[in-house]
Every structure is written in structure tokens, then in C-alpha cells.
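Data block below; observations after.
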There are 2 protein chains.
Amino acid sequence: MTDETSGSKPPSRRPTRARAAMREQVDAIFTQWQTERPDIDPSPVHIYGLIGRIQMQCTALIDEALAPFELTRGTYDVLTALRRAGAPYSLSPKQIAQSLLLSGAGLTSRLNKLEAQNYLARLPEPNDRRTLRVQLTSAGETVINEAIPRVFDVQRELLAPLGPEGQQRLMQELMRFADVIDGRQSEIKIDTVPVVE
Amino acid sequence: MTDETSGSKPPSRRPTRARAAMREQVDAIFTQWQTERPDIDPSPVHIYGLIGRIQMQCTALIDEALAPFELTRGTYDVLTALRRAGAPYSLSPKQIAQSLLLSGAGLTSRLNKLEAQNYLARLPEPNDRRTLRVQLTSAGETVINEAIPRVFDVQRELLAPLGPEGQQRLMQELMRFADVIDGRQSEIKIDTVPVVE
DNA sequence: CGCAGATCATTCGATATCTAATGATTTCGC
DNA sequence: GCGAAATCATTAGATATCGAATGATCTGCG
């Protein structure tokens, strides 16, 4: 089950159940690049490789936490957007799509599922018949109120071993990077939508 | 694109648009949770929100860099796996799928595309007719050798403003987090596959 | 007023992925 | 040796997304 992509050297360590799997995977890739393309500087490999792997693991855990509620990350995100908006927990589809960085078509699909689950209703908007008021039903309110703490628990538990200072440092470094990215000319199109919040 | 390795010559300082968009978005969500669910501790929001947004932006930039080669992140990942393996640039489908954390079906689909583009060939494996040797063609070798530096350039350029120490600190914090995640009992299923390396 | 263009949700067709089933081939227990 | 079980790539069917086209409704300019 352990990975070991046809590397240069056979693994010297006993397969004691990958102890630092992500780090080792990323290190191995770094080393392969060094020998295969010594002309290019592979220094970004560590940061991007780790970010990708961390996110995969976290989203997998969140999916697990959401399964008992018959929610996916996608539908959970819609419900949280409504819940965060505060009473009466209603937003227009356009608002939701923008907040989730999702296409209109994608949102329609999520709304259909959630409406079928009776977690939300599409109400008419009195003054503009082009749009809607998407609103949590009381069932939707219940389910999202229960699901939210489970997701936060999973996320907090994962971070806990870092300690408050470790989390603070990680957050600080991520913010610096985020600011740097924002500081670009930034006609960047966003196209995947994994953000759970 | 802009080759700013040294001097202080930002491409264009136009602070009119959102200057710290990610940070502000995440802060806003954090605040909404504080008022809407004061009973739960929303501290994870910053870290996970930033990781998600950072990754989205990075992958969007990489897609852009790959477009001229008619490659997607998915097909690029297959070619890099082969390229990293070293001459003669061949691996079995199973090896590639494991290295990319991809299902067999997903890999078959990527291989079909790349074979149609004449970037790789499926050769028989002499001693085991169940499997194959997937090998870069010379066209595939050429295209991946050109594409790799472009992707690394994009990634490096994005990190550059952090400076060597900033990158070091970010990497260190990410490694700590990755190790913490690995240290769990780890019956975690991985299900999305965005890692470009 | 009244119509041209903007805005909005939805539908449509395409793409990329997953899991499960399939069929070919190899390995192993006896 | 041989047949059952494992291994491997592929196919089939399902899901989630996207961009573009569609149709309904609003807005603003003459």
C-alpha cells in the first residue's frame, strides 16, 4: 500500500506504517527532480506538495464527518453560507454562487439536491421575479446546526497538536503567502471549489 | 512571465482592487461565525480557509502555464511522473496511479488522452501480460521537458516575494502540520487529486 | 411609453473523476 | 501440475463540475 515510486534507491527503512508519509513523499520527489533535472531549481516542490497533500487529507476527514448527515462538502458549503448570513437564513442564488466561487450551473445542481432533501426552499423574491430567496427550512437549520460543530471539531482536533503558538505561526505564514498572492495583478480565474468554511 | 529575480520592480502597483482579498474573505467569515455561533470556536477558519484559497489560485496559474502545451494538470502529472522516473521514462499504470493518488479508471482516461496526443506509448511488459510499460515518446519527452520549467517558474515567482527566509519558515510550519496529520492512526481515504509536482 | 440590452436562474453538452464490474493473466496451496 | 485466489487494466455507470445557450424579467435611454 505504501507508495515508493520507482525510485533510485530501495527503501532502507522498515515499512512501519508510514510515519511521516507526506514529508517523505515530497522529499523523494524533490530528490528525483534534483537528479533528473539538475538545471532547474525544484525548491517549490516542498511547499506546493505539502499544501496539496494537507488539503487532501483534511477534506477526506471532513467528508467523513459529513456523511452521517447525508451532506457532501458541496451541499454543506451551501448550508453554511446560508447559516452564516444570519436569520432569516436566506440569500439569492447569485450571492451564494459568488460566495462559494461556484458557477451558476453548479449552484443550481446543489440547490436541487438540498431542496429534494428538504433542507432549503426556493421562495420568490417579491420585487424581482428574475431571482429567488433561497432559505433554510427548519430541517435545514437543524442539520446544519448539528453538522457545523462536527466539522469544526475535526478541523480543530487536527490542528491541536501544533499548540496555540504553532497554529499562530502557521497562520501567520499562510497569511503572508496569501497577501503575496493577492498582491499580484490578479486577473486570476478561480476554478476549483474545495473551500469548506 | 515577468522575470523579476532581483530588483525592486513590481509589475504594476495598482492597489485599487482588493489588496488582501483572501485575508479579508477569511476574516469576514471568521467574524460571521463569531456572531452567528458564539458557542463554537471558529479558530480553524483562518488556516483551512487560507490553504484552500492559496491552492485554488496556484492551480489556476499552473493551468494557465500548461495551456500552451495542450496539457492539463492531470495529464501533466502523468508526464512528470514518467519524467521523474528517469530514462527510459517508463512505469506501469499501477505505479503511476499510486504515485498520483489516482484511481485506475482515472489513469486509464489520462493515458488515453496522452496516447492520442502521441506523448506516450503503451508497450507490452515482457514478463507479465497483465500489465504494461507506459513510456514517454520523444514528442512526450520534448513537451514535458519544456513544460516543467514553466510550471516551476510560475511556482517560484509566486513564492519569491516571501524571500528565502520566508519560504523556509512557511515550509517549516507546513512540515510540522503535515507530520501531525501523518501521526494520526491514519485510516484516511484520499479522494481528490490536485497535486501538481 | 417602449424597446434594447443587462441580469438572473436554469438547461444542455462536455469533461474529469469515482466505485464496481469485467476479463485477462499470474501466483500459490495442495 | 492444477484450480482457486490475487492482480492488473479497462469498461460501465454515476456524480459533480464547467462554459455556453436559453428564456424570463428588469432597467434605462430615447
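A note on names: the letters A, B, ... follow the listed sequences, proteins ahead of strands, and every chain is numbered from 1.
Nucleotide D:dT15 holds its P atom 18 Å from the CG atom of A:Leu102, rounded to whole Å. Distance B:Leu91 CG to D:dC8 C1': 15 Å, rounded to the nearest Å. One can place CZ of B:Arg129 at 18 Å from P of C:dG23, the figure rounded to the nearest angstrom. Atom CG of B:Leu100 and atom C1' of D:dA9 are 16 Å apart (whole Å). Rounded to a whole Å, the CZ atom of B:Arg110 is 18 Å from the C1' atom of D:dT11. Spacing between atom CG of A:Asp63 and atom C1' of C:dT19 amounts to 15 Å, rounded to whole angstrom units. When the C1' atom of D:dA9 is taken as reference, atom CZ of B:Arg133 falls 16 Å away, rounded to whole Å. One interatomic measurement links the two molecules: CE of A:Met56 to P of C:dC18, which rounds to 11 Å at whole-angstrom precision.
Residue pairs meeting the salt bridge (charged side-chain N to carboxylate O under 4.0 Å, His left out) criterion with at least one partner in residues 137-155 of chain A, sequence neighbours excluded, are A:Asp153-A:Arg156.
Within the structure, a side-chain polar atom (N or O) of B:Ser103 is placed less than 4.0 Å from OP1 or OP2 of C:dC18.
The salt bridge (Lys or Arg N to Asp or Glu O under 4.0 Å) test applied to A:Arg129 returns no partner, not counting sequence neighbours. The salt bridge (Lys or Arg N to Asp or Glu O under 4.0 Å) check on A:Arg133 picks up A:Glu125, with sequence neighbours excluded. Qualifying salt bridge (Lys or Arg N to Asp or Glu O under 4.0 Å) partners for B:Asp27, counting only residues two or more places apart in sequence or in other chains: none.
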Got a list of side-chain donor-acceptor pairs under 3.5 Å for residues 162-172 of chain A, not counting sequence neighbours?
residue, atom, partner, partner atom, Å
A:Gln167, NE2, A:Leu159, O, 3.3
A:Arg169, NE, B:Glu173, OE2, 3.0

*If a protein heavy atom is under 4.0 Å from the base, mark B; if only from the sugar-phosphate, S; if neither, -; do that for nucleotides 5-15 of chain C going 5' to 3'.*
--BSSBB----

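With B:Arg37 contributing its side chain and A:Arg83 its backbone, the two residues share no donor-acceptor pair below 3.5 Å.
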